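Residue numbers run from 1 in the order of the sequence given. Predicted model only: the values in this text are computed from it and were never measured.
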Amino acid sequence: MASVLILNGPNLNLLGTREPGIYGAQTLKDVEALCHETAEGLGLTADCRQSNHEGQLLDWIHEAGAEQAAGNLIGAVLNAGAYTHTSIALHDAIKGSGLRVIEVHISNVHAREPFRHHSYLSPAAAGIVVGFGTEGYPLAIQGLHRIAAAES
């Protein structure tokens, strides 16, 4: 059975307690349960991971590119948190690995501080889901599933 990788970056382990007015009351465990449920409904398994360390996210993206090439993975849903706005390395890892990625943001980053308006990841992403709260994760998984099916 193919899988989908769900990658969450820095501070997403604080979901449920960090600025609930912006990010909501759901915890990361709640988000992961939602991702597992969505993936299973599509005949996939979900592999959910979170790291506050850029290098760990890079390593996971490199590994996922190889898994996608081997036909074991349809791609990744990536909420890179603040690294979205700072990390050329994540952009390069996505491009270099060939990993199919859907970029996700819980909040509408374009309605927030100006420094959040630019994403280094968007040019490398197959799609972007912004501002739907944690419901953006199922939307991203569904979109990734459709893109992967169309490309195979």
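- More than 12 heavy atoms of other residues, nucleotides or ligands lie within 6.0 Å of NE2 in H117, so this atom counts as buried by the packing criterion.
- L15 contributes atom CG, which lies 12.5 Å from atom NZ of K29 (distance to the nearest 0.5 angstrom).
- Heavy-atom minimum distance, G81 versus L12: N-CD1, 4.3 Å.
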Would you mind writing out the side-chain donor-acceptor pairs for residues 33-41 within the sub-3.5 Å range, not counting sequence neighbours?
residue : atom : partner : partner atom : Å
H36     : ND1  : A46     : O            : 3.4
T38     : OG1  : L34     : O            : 2.9

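- For the residue pair S87/E54, the side-chain donor-acceptor check at 3.5 Å is satisfied.
- Applying the side chain to side chain donor-acceptor pair (under 3.5 Å) test between S119 and each of E103, H110, H85 identifies E103 as the sole match.
- Contact detail for L44 and S3: the closest heavy-atom pair is CD2-N, 4.5 Å.
- Between G43 and M1, the closest heavy-atom pair is O-CG, 3.2 Å.
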Can I get a per-line list of side-chain donor-acceptor pairs under 3.5 Å for residues 123-149, giving both atom names and the distance, sequence neighbours left out?
residue : atom : partner : partner atom : Å
T134    : OG1  : Q26     : OE1          : 2.0
Y137    : OH   : N8      : OD1          : 2.5
Y137    : OH   : N79     : ND2          : 3.1

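- Here the side chain of N11 pairs no donor or acceptor atom with the backbone of N52 at under 3.5 angstrom.
- Cluster note: L57 groups with L5, L7, L58, W60, I61, L73, L78, Y83, L90, I94, L99, V101, L121 through ILVMFWY side-chain heavy atoms spaced under 4.5 Å, whether in direct contact or through intervening members.
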**Audit row: R49, Q56, side-chain contact (heavy atoms from CB on, under 4.5 Å) steps and yes/no** = CA-CA 10 Å; R49 304 177 188 183; Q56 180 64 75; 5.9 Å; no
